[in-house]
Chemist: 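Dumping the structure here so I can ask a few things about it.
Count residues from 1 along the sequence.
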Amino acid sequence: MKYFVRIIVVLLIVSGIVFAYSYSYRQQKIADDIVLTTADMSAKKEKTTVAERKLIAQNKEGNYQLYIDGADVVLLHDGIEKVFDGWASDAKQETPKLFYKDYDGDGEGELLIQKINGVVNTNGRNVSVYNLYLVKPVEKNGKIDFSVISATKDTWKVPFEEAIKTEMTQLKSCSKYIQFVMDDADVSFVYDKETGITHNKYFGFARALRKSDGTYEVLERWNKGNGLYTVDGDGNITLDIQLFAYYKGVDDPQYVGDIHSEIAIMNGKFNIVPNTSQFAVNEEYKIFYPIFASSQSWKSTINNSAQPPVRQGDDMVIDWLEASFDLSTDFEERTLSFANYSSQIKCVDKIVITPGTIALTAKEGYSFSELMLKNGEYRVIMNPGTDNEYNIEYTSEIKTVKGRSVLKIVFDRTYNRYDLNGMVVKFGA
């Protein structure tokens, strides 16, 4: 294919690792017709008059017109008609879209019809589900007719499962991580015994659902949902297979993300294009990959020279803290004044930051709120206010060290100093 053969390079840290189909899969599975679905729609009905029909869409480049005709839809091309039985109700709900380009690589254009098939509700959001129909004029018994192949939301399942093995797990070392692994059907999954991180090449990560106390739900099972087709303005086709995680004691599943693939016409069928399948995590569940954990050893201590404000009726409990930290330079210890901060960071005497933790020691007489800890009201935000913003907190505890209250937050993995530069720590309301 002159425009489908290409390689997608995906940033490992953002959206997942491209799952490249193996040589054997490309040579055997595609050759064996990995078919999404086909349909014979050559039957015709008696023509009605043009006056009774309503034009709803057309493609001038290919000279195709689409009409509503009673309960049906009629496709007209150079005097040739094709009746699509029962399409009128869907066409009235949303007008079908027409795309014209050389989809099968024969040097001539074909018509692609994108027709709505229904609407599904996913995590409170309505998502349109489309069927695709590729229409091509062909000669049959000395007459010009239409050849039609189609792809629907479900018919990818059997060929996909025969070719590709998939699995979703929760890491042993950090329950914050949901891991999704893909490989060829004949390849075994291998995991690290201590961490649960896969040794396979094709994988991605998402953040598990967080409980109200800041801990994470336990993954019980998972499944694939609908296959959602999208056609862009240039007529290029993609398929997104929904992935859902189910947790113990949680009624509604988590829509973790999708298996994203390009679709092309290959061997006369809708097929997944090799070297294009990848795990695409939903934006709200993005997380840094644990395999990139830093091996650096460092510690920076920041002392606060400011005295806490004297407030009448102060209960000496720290329940609202927000501050950012400059780690752009390499230092072991420095003294700053937090007097200009509006939050209760002024009531913190010392902050110690390491690759995997931040520990805040309260001024004498002050203590951190156990209620805020119980309610999971703590966050550590990396790259705040950017497209690469992540919450990296994992667990937290309050303990007493040498008579002082200490809030310790453990990160979801270890980081180097410069990754944490500008991070924001929040505790309480």
Chemist: When the ring planes of Y341 and F338 are compared, do they come out parallel, tilted or perpendicular, using 30° and 60° as the limits?
Modeler: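 Plane angle over 60°, so perpendicular.
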Chemist: Starting at OG1 of T95, measure out to CD1 of I68 and round the result to the nearest 0.5 Å.
Modeler: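 One finds 7.5 Å between OG1 of T95 and CD1 of I68.
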Chemist: When you look at I113 and N131, which way does the side-chain contact (heavy atoms from CB on, under 4.5 Å) test go after all the steps?
Modeler: CA-CA 8 Å; I113 304 175; N131 289 354; over 6 Å; no
Chemist: Any sub-3.5 Å donor-acceptor pair from N226's side-chain atoms to L228's backbone N or O?
Modeler: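 No, because the side chain of N226 does not come within donor-acceptor range (under 3.5 Å) of the backbone of L228.
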Chemist: Donor-acceptor pair, Q179 side chain versus T169 backbone, under 3.5 Å?
Modeler: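 Checked: no pair found.
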Chemist: Just how far is it from atom CD of Q242 to atom NZ of K224, taken to the nearest 0.5 Å?
Modeler: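 It is 12.5 Å, given to the nearest 0.5 Å.
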Chemist: Working note: Y247 + Q254, criterion side-chain hydrogen bond (donor to acceptor under 3.5 Å, both in side chains); need CA distance, chi angles, decisive distance, verdict.
Modeler: CA-CA 8 Å; Y247 296 88; Q254 176 193 23; 2.4 Å; yes
Chemist: Can you check side-chain contact (heavy atoms from CB on, under 4.5 Å) on I197 and F203, steps first, answer last?
Modeler: CA-CA 10 Å; I197 296 175; F203 55 86; over 6 Å; no
Chemist: Checking side-chain hydrogen bond (donor to acceptor under 3.5 Å, both in side chains) for the pair S277/S261: CA distance, chi angles, key distance, verdict?
Modeler: CA-CA 4 Å; S277 290; S261 303; 2.6 Å; yes
Chemist: Walk me through whether N391 and E389 qualify under side-chain hydrogen bond (donor to acceptor under 3.5 Å, both in side chains).
Modeler: CA-CA 7 Å; N391 282 18; E389 177 179 304; over 6 Å; no
Chemist: Think K165 forms a cation-pi with F189, using NZ or CZ under 6.0 Å from the six-ring centre and within 45 degrees of its axis?
Modeler: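 Ring-cation test returns yes.
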Chemist: Any ion pair linking D106 and K136 (charged N to carboxylate O, less than 4.0 Å)?
Modeler: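 Counted as a salt bridge, because a side-chain N and a carboxylate O are separated by less than 4.0 Å.
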Chemist: Decide if the gap between the ring center of Y394 and the ring center of F411 is smaller than 6.0 angstrom.
Modeler: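 No, they do not, as the ring centres are separated by 6.0 Å or more.
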Chemist: Run the side-chain contact (heavy atoms from CB on, under 4.5 Å) check on L98 and L111 step by step: do they pass?
Modeler: CA-CA 7 Å; L98 308 182; L111 181 72; 3.9 Å; yes
Chemist: Going from CD on E110 to CG on L134, what distance comes out if it is rounded to the nearest 0.5 angstrom?
Modeler: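 It comes to 5.5 Å.
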Chemist: For the pair N200 (side chain) and Y202 (backbone), establish whether a donor and an acceptor sit closer than 3.5 Å, ignoring hydrogens and angles.
Modeler: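 It does not hold such a pair.
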Chemist: Rounded to the nearest 0.5 Å, how far apart are NZ of K176 and CD of E393?
Modeler: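 The distance works out to 4.5 Å.
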Chemist: With K101 as the cation and Y103 as the aromatic partner, state whether NZ or CZ is under 6.0 Å from the six-membered ring centre and within 45° of the axis.
Modeler: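 Yes; both conditions hold, so K101 lies above the ring face of Y103.
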Chemist: I need the L66 CG to N59 CG distance, nearest 0.5 Å.
Modeler: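 Rounded to the nearest 0.5 Å, the CG-CG separation comes to 11.0 Å.
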Chemist: Find the distance between SG (C174) and CD1 (I287) and round it off to the nearest 0.5 Å.
Modeler: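 CD1 of I287 is found 6.5 Å from SG of C174.
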Chemist: With a 6.0 Å cut-off (strictly less than), is the heavy-atom count around CD of E364, excluding the residue itself, greater than 12?
Modeler: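 At most 12 heavy atoms, drawn from other residues, nucleotides or ligands, come within 6.0 Å of this atom.
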Chemist: Please check this pair: side chain of D349 against backbone of K363, looking for a donor-acceptor N/O pair closer than 3.5 Å.
Modeler: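 Looks like no, no N/O pair under 3.5 Å.
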Chemist: What's the verdict on side-chain hydrogen bond (donor to acceptor under 3.5 Å, both in side chains) for D314 and Y366, showing C-alpha distance, side-chain angles and the deciding distance?
Modeler: CA-CA 10 Å; D314 192 351; Y366 283 85; 3.1 Å; yes
Chemist: Would you say the side-chain atoms of Q344 pair up with the backbone N or O of D319, donor to acceptor, closer than 3.5 Å?
Modeler: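 Yes.
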Chemist: Could you check Y177, Y390, F205, F279 and say which one makes a ring pair (Phe, Tyr, Trp, His ring centres under 6.0 Å) with Y289?
Modeler: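 For Y289, the ring pair (Phe, Tyr, Trp, His ring centres under 6.0 Å) check succeeds only for F205.
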Chemist: Would you call the rings of F288 and Y415 parallel, tilted or perpendicular, where under 30° means parallel and over 60° means perpendicular?
Modeler: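 Ring orientation, 0 to 90° scale: perpendicular.
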Chemist: Would you say that more than 12 heavy atoms from the other residues, nucleotides or ligands in this model lie under 6.0 Å from the CG of N340, or not?
Modeler: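 Check fails, neighbour count at 12 or below.
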Chemist: Do N383 side-chain atoms and N388 backbone N/O form a donor-acceptor pair below 3.5 Å?
Modeler: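 Judged by distance alone, yes, a pair lies under 3.5 Å.
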Chemist: Indicate yes or no for a side-chain donor-acceptor contact from N421 to the backbone of S328 under 3.5 Å, with no hydrogens or angles considered.
Modeler: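 Side chain of N421 to backbone of S328, a donor-acceptor pair under 3.5 Å: yes, one is there.
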Chemist: May I ask you to decide if V190's main-chain N or O and T198's side chain share a donor-acceptor pair within less than 3.5 Å?
Modeler: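 Yes: the side chain of T198 pairs with the backbone of V190.
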Chemist: Which residue, V135, V148, V74, forms the side chain to side chain contact (heavy atoms under 4.5 Å, CB included) with K82?
Modeler: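 Output: one option passes, namely V148.
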Chemist: Just checking D387: does its CG atom have more than 12 heavy atoms from other residues, nucleotides or ligands closer to it than 6.0 angstrom?
Modeler: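 No, not enclosed.
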Chemist: Mind checking whether W222 and F180 have parallel, tilted or perpendicular rings, split at 30° and 60°?
Modeler: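 The arrangement is perpendicular - the two ring planes meet at more than 60°.
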Chemist: May I have the step-by-step check of side-chain contact (heavy atoms from CB on, under 4.5 Å) for L373 and F368, ending in yes or no?
Modeler: CA-CA 8 Å; L373 183 69; F368 290 96; over 6 Å; no
Chemist: Look only at the side chain of N416 and the backbone of Y418, and say whether a donor-acceptor pair between them is shorter than 3.5 Å.
Modeler: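 Looks like yes, one N/O pair under 3.5 Å.
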Chemist: For atom NZ of K211, decide whether the heavy atoms of other residues, nucleotides or ligands shown that lie under 6.0 angstrom number more than 12.
Modeler: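 Correct, the count exceeds 12.
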Chemist: Would you say the side-chain atoms of S305 pair up with the backbone N or O of L336, donor to acceptor, closer than 3.5 Å?
Modeler: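 Yes: the side chain of S305 pairs with the backbone of L336.
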Chemist: Can you tell me if NZ on K374 sees more than 12 non-hydrogen neighbours from other groups inside 6.0 Å?
Modeler: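 Check fails, neighbour count at 12 or below.
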Chemist: Looking at Y378, I'd like to know if the NZ or CZ of R210 sits under 6.0 Å from its six-membered ring centre while staying within 45 degrees of the ring's axis.
Modeler: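 Yes, R210 lies over the aromatic ring of Y378.
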